[in-house]
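What follows is one structure encoded as structure tokens, with my remarks underneath.
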Number of protein chains: 2
Amino acid sequence: MPRVLSYKIRGLIASSRLLSTSSTSIRKMAPLTVESLNPAILKVEYAVRGELAIKAEEYRTKLKSTGHDLPFDRIISSNIGNPQQQGLDQPQITFLRQLAALMEYPALAELAPGVFPDDVAQRAKQLQAEIGSIGAYSHSQGVPLIREHVAKFIEERDGYPSDPKNIFLTAGASAGVSLLMSMLISSRDSGILIPIPQYPLYTATIAQYSGKPIPYYLDGSSDWNTSLEEIKLALEKAEKEGVKPKALVVINPGNPTGALLSEDTQIELIHICEKHELVLLADEVYQSNLHKPDTHPFTSFKKLVSQLKSSVPLVSFHSVSKGVLGECGRRGGYFECTNFSPEILALIYKMVSVGLCPPLQGQIAVDTLVRPPKAGDLSFPKWKEETDKIHAALAERTRIMADRLSKLPGVECVNSPGALYLYPKITLSSKAIAEAEKHGKQPDAFYALQLLDETGICVVPGSGFGQREGHWHYRLTCLCPGVEEYVGKLEKFHHGFIEKYGV
Amino acid sequence: MPRVLSYKIRGLIASSRLLSTSSTSIRKMAPLTVESLNPAILKVEYAVRGELAIKAEEYRTKLKSTGHDLPFDRIISSNIGNPQQQGLDQPQITFLRQLAALMEYPALAELAPGVFPDDVAQRAKQLQAEIGSIGAYSHSQGVPLIREHVAKFIEERDGYPSDPKNIFLTAGASAGVSLLMSMLISSRDSGILIPIPQYPLYTATIAQYSGKPIPYYLDGSSDWNTSLEEIKLALEKAEKEGVKPKALVVINPGNPTGALLSEDTQIELIHICEKHELVLLADEVYQSNLHKPDTHPFTSFKKLVSQLKSSVPLVSFHSVSKGVLGECGRRGGYFECTNFSPEILALIYKMVSVGLCPPLQGQIAVDTLVRPPKAGDLSFPKWKEETDKIHAALAERTRIMADRLSKLPGVECVNSPGALYLYPKITLSSKAIAEAEKHGKQPDAFYALQLLDETGICVVPGSGFGQREGHWHYRLTCLCPGVEEYVGKLEKFHHGFIEKYGV
């Protein structure tokens with residue numbers, strides 16, 4: 001069971017530069033106390049932006065001041081898959097940015113002749129004719145034409161029909177996951193099967209909606225394979241504890257593990273969902289982050305559910321934040337529902353309509369995600385060059401990092417075939433564990449805090465993703481400007497750590 | 001108590017243009033039924049995008065087909081305050097659109113020399129230096145520099161300090177309201193005081209988080225004044241029913257009423273919150289939509305809470321979707337917390353971090369909202385011309401519409417001094433009510449459906465906002481391209497309706 005740590009408050013409030021309101025008045029009356037709030041909120045934990053990330057932000061501020069005493073000159077935020085962040089600066093895809101600029105300011109097509117390739121200008125015109133101004137609310141489910149393009153993309157990817165009525169555009173995949181959790185968790189004994197390690201969005205939203213996580217362990221000793229046996233054990237345990245399983249979460253390619261499921265395993269997972277009447281929630285946001293596509297290809301669950309003619313209700317999530325676009329700040333994504341009745345789809349529509357609509361620039365990016373320039377298009381050569389470079393750099397960095405980290409004493413690191421991360425396992429000495437306890441920290445959080453303090457590299461301890469009792473990990477992204485310098489820092493730190501605390 | 005109607009499903013799913021997945025497999029197994037879902041979801045209702053809006057969308061599709069038999073040639077979506085929607089086309093503010101385009105594609109500054117005024121280019125450079133790429137996640141609370149600008153705007157507006165640490169940028173005001181509701185509703189007996197009529201976001205989110213609305217009635221016979229007596233009655237009733245009030249929602253300027261609170265009333269409301277230990281949730285998204293600013297100015301609750309040195313916890317919401325920007329599709333807004341402890345602020349931060357960050361183009365628009373061009377700036381003359389025109393058009397349309405609607409038999413219409421709406425009261429004959437009943441509709445929904453069927457104008461019936469037993473209303477926006485034609489249609493329809501059903 002993933003440990004739900006109490007949330008640590010850290011200097012979040014400390015760095016105000018303007019006048020602060022008087023705190024004396026707060027003391028007069030305090031109707032709003034932590035105890036008066038929804039207790040579910042207190043249980044929510046999201047380590048990716050937790051204690052370490054907050055401390056890293058403090059350091060970042062400190063680095064701007066002259067005469068700081070930090071032993072590094074910049075923060076590397078490896079805690080979050082944010083390719084375009086300052087310091088990493090993954091190149092922006094020109095086609096998307098040109099299109100987005102034209103959508104913002106259509107007059108540019110005439111004011112800046114020759115700047116925009118014809119195919120970009122045509123695309124903008126087509127979208128403008130459909131959408132009008134991107135300053136208007138769209139259909140709550142997303143612009144109908146863009147949903148048609150998503151359906152077409154899915155049909156071409158899988159070879160099976162897809163219908164725009166089943167597609168909901170969202171503000172990133174997270175918004176869709178949160179919505180589905182809020183709908184599927186019907187009472188306090190509703191359980192959601194989640195892989196361990198998992199992306200903490202799942203435990204966070206399950207906690208928020210007062211459901212129960214049903215953890216199933218991935219096999220770290222075997223490239224983070226999904227074991228059906230583990231799922232069966234988890235289901236048995238849930239039954240014993242009176243927890244009613246409602247859905248199975250699968251992250252493929254894995255986060256934080258980077259693992260890719262085999263089709264055989266996927267088919268077994270579909271059968272498990274059929275047998276136990278589970279909704280299958282397929283987080284497929286890393287579907288195009290494949291480092292070894294020949295040996296580790298991606299197959300969507302939608303394709304297999306269609307092929308098997310399975311009746312399993314499936315929700316597949318995708319996003320513009322990952323892949324080669326890496327457009328996190330835009331908040332764009334979609335989910336496709338399969339085997340959902342019109343009544344349930346109408347309920348989902350009702351819920352998304354309360355939030356009005358996904359951000360239009362996110363929707364534009366989804367359109368680009370599913371309709372990139374094609375061979376023969378004016379923008380294709382540049383697109384190809386830009387995206388090939390991003391794919392190659394990520395694959396190369398992943399390989400080098402996994403290789404070098406694996407060679408460190410006490411470190412085991414699976415060479416991820418997909419996604420943006422590595423999840424090395426670290427052996428920690430009893431001395432290190434005792435020292436961590438003395439500081440009131442999980443041992444891997446202690447390791448990660450030391451790493452941050454000494455190198456400015458911010459990672460997320462495995463305790464944030466879940467791990468077997470007595471195992472310790474951390475997740476780091478394979479996004480970095482100079483891999484040699486980055487790995488060098490990790491190596492140097494690790495050697496220093498074991499020198500201090502032993503292996 | 002606002003009536004919670006069961007949600008009507010309407011042809012939402014009907015108009016697919018692509019292949020539909022086979023429905024036979026759905027019948028084999030149906031683990032996902034409406035009954036298996038979170039029951040709170042079923043109670044959510046959001047009339048602004050409900051039955052009428054869905055029917056209007058069907059008509060819009062039908063209008064595109066040749067040889068349709070509809071008695072109108074376009075849909076006017078007066079159901080939603082969406083100024084830039086197709087057909088209304090409120091002009092876009094050039095300064096914001098130029099800035100947004102440069103943020104999307106910074107190379108434009110050099111590729112299109114002379115297109116961007118210097119002050120726009122400078123603003124873009126400053127924001128780029130702070131943010132980097134808008135394709136990156138920002139701080140979950142919003143870009144720190146933009147929060148500083150918001151704080152400065154509030155300080156200048158109110159004459160009291162504001163602190164960026166208390167400010168959270170959001171994906172529109174709705175996202176902030178939903179978040180606060182999810183935190184404040186701690187159990188099924190948690191009550192939230194809401195005005196009736198209200199913006200249905202409030203009843204929707206209270207239902208979603210299983211709280212209890214505590215309705216207090218606004219006085220339609222007196223320009224929709226907020227009556228303290230009504231609030232006291234509502235509190236007494238709640239106490240009798242075992243409902244624990246947690247917060248008071250005030251919408252100022254009002255939605256759907258357009259009313260503006262007097263400072264005296266605001267002060268009384270603050271005292272009520274003090275006495276009953278309520279959090280004050282101030283929806284102030286229409287603060288700059290003032291049609292008679294001399295007689296009906298806007299005063300923020302923040303200013304009065306500061307002036308009174310009150311310890312009432314206050315959340316004030318603002319948005320880029322309304323005002324003169326009308327940039328709904330961007331999903332930008334903010335809320336400011338006053339008298340919140342660092343612990344509660346840290347909990348809010350944790351919750352927003354699960355959603356990663358608000359859309360960056362929404363944040364850019366917030367920056368423009370709080371830092372418009374000033375006199376002397378290169379872009380100021382155009383900005384002034386554009387915004388003056390929008391203000392004047394809205395005030396003029398509101399006046400004409402209120403005036404003409406008031407003259408219709410059986411219609412009373414307060415001439416709103418603020419916001420984007422009118423909320424006429426309609427007297428319906430017993431014959432009309434009986435006919436509505438025969439169709440299983442609320443009488444004002446019946447009226448609104450007839451209006452849509454005959455004119456293509458989509459409004460929202462008062463039953464979606466709440467009203468006193470036996471009173472009937474509808475809300476319509478004062479956004480329309482040609483006010484004469486629009487009001488003419490409303491008048492003609494009304495005369496026809498009373499001819500058919502009597503007054």
Side-chain angles (χ1 to χ4, degrees), chain A residues 7 9 12-13 16 18-20 25-26 28-29 31-32 34 37-38 41 46 49 82 84-86 92 97-98 100-101 104-105 111-112 115 132-137 140 151 161 163 165 174 183 186 204 277 279 309 311 313 327-329 331 339 342-343 346 349-350 353-355 359-361, chain B residues 7 9 12-13 16 18-20 25-26 28-29 31-32 34 37-38 41 46 49 82 84-86 92 97-98 100-101 104-105 111-112 115 132-137 140 151 161 163 165 174 183 186 204 277 279 309 311 313 327-329 331 339 342-343 346 349-350 353-355 359-361:
Chain A
Y7 186 69
I9 295 151
L12 171 64
I13 320 297
S16 142
L18 278 173
L19 292 163
S20 173
S25 60
I26 296 172
K28 274 202 297 187
M29 180 188 99
L32 191 60
V34 170
L37 296 180
N38 178 1
I41 300 297
Y46 186 67
R49 294 209 162 193
N82 188 13
Q84 294 190 24
Q85 67 178 293
Q86 282 177 307
Q92 297 155 27
R97 293 310 192 103
Q98 289 176 332
E104 287 293 350
Y105 191 35
L111 292 173
V115 169
S133 165
I134 58 161
Y137 295 124
S140 295
D163 191 325
K165 79 178 196 296
S174 301
M183 297 184 71
S186 57
E277 300 200 341
V279 177
K309 295 192 174 64
S311 56
E327 289 277 352
C328 306
R331 314 310 298 121
N339 294 329
E343 288 76 15
Y349 171 78
K350 179 182 70 171
S353 78
V354 177
L360 267 288
Q361 281 289 9
Chain B
Y7 187 70
I9 294 150
L12 172 65
I13 320 297
S16 141
L18 277 173
L19 291 164
S20 173
S25 60
I26 296 172
K28 274 201 297 188
M29 181 187 97
L32 191 59
V34 169
L37 295 181
N38 178 1
I41 299 298
Y46 186 66
R49 294 209 163 194
N82 188 13
Q84 293 189 25
Q85 68 177 292
Q86 282 176 307
Q92 297 156 27
R97 292 311 190 102
Q98 288 176 334
E104 287 293 350
Y105 190 36
L111 292 174
V115 169
S133 164
I134 57 161
Y137 294 123
S140 295
D163 192 324
K165 79 178 195 296
S174 301
M183 296 184 70
S186 57
E277 300 201 339
V279 178
K309 296 192 173 65
S311 57
E327 289 277 352
C328 306
R331 314 310 297 122
N339 295 328
E343 288 76 16
Y349 171 77
K350 179 182 71 171
S353 78
V354 177
L360 267 288
Q361 281 290 10

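This is a predicted model, so every value here is computed, not measured. Chain letters run A, B, ... following the sequence lines, proteins first and then strands; every chain starts at 1.
With respect to chain A, the highest number of heavy-atom pairs below 4.5 Å among A101(B), A100(B), G355(B) belongs to A101(B). In terms of heavy-atom pairs under 4.5 Å with chain A, the best-connected choice from N82(B), L37(B), V34(B), L111(B) is N82(B).
Checked against Y105(A) for a side chain to side chain donor-acceptor pair (under 3.5 Å), the options R97(B), Q98(B), E104(B) give a single hit: Q98(B). Checked against S133(A) for a side chain to side chain donor-acceptor pair (under 3.5 Å), the options Q84(B), Q85(B), Q86(B) give a single hit: Q84(B).
Contact record, A136(A) with C328(B): C-CB, 4.3 Å, taken as the closest heavy-atom pair. Closest non-hydrogen pair, L32(B) versus P313(A), comes out as CB-CG, 4.0 Å. Closest approach of I41(A) to K350(B), counting heavy atoms only: O-NZ, 2.7 Å.
The structure places CD1 of I134(B) at 8.0 Å from CD of Q92(A), a figure rounded to the nearest 0.5 Å.
Partners of S186(A) by side-chain hydrogen bond (donor to acceptor under 3.5 Å, both in side chains), not counting sequence neighbours, listed by chain and number: S190(A), K246(A).
With a 4.5 angstrom heavy-atom cutoff, R331(B) touches chain A only via side-chain atoms. Heavy-atom distances place the side chain of A204(A), and not its backbone, under 4.5 Å from chain B. Contact annotation for V115(A): only side-chain heavy atoms (C-beta onward) come within less than 4.5 Å of a heavy atom of chain B.
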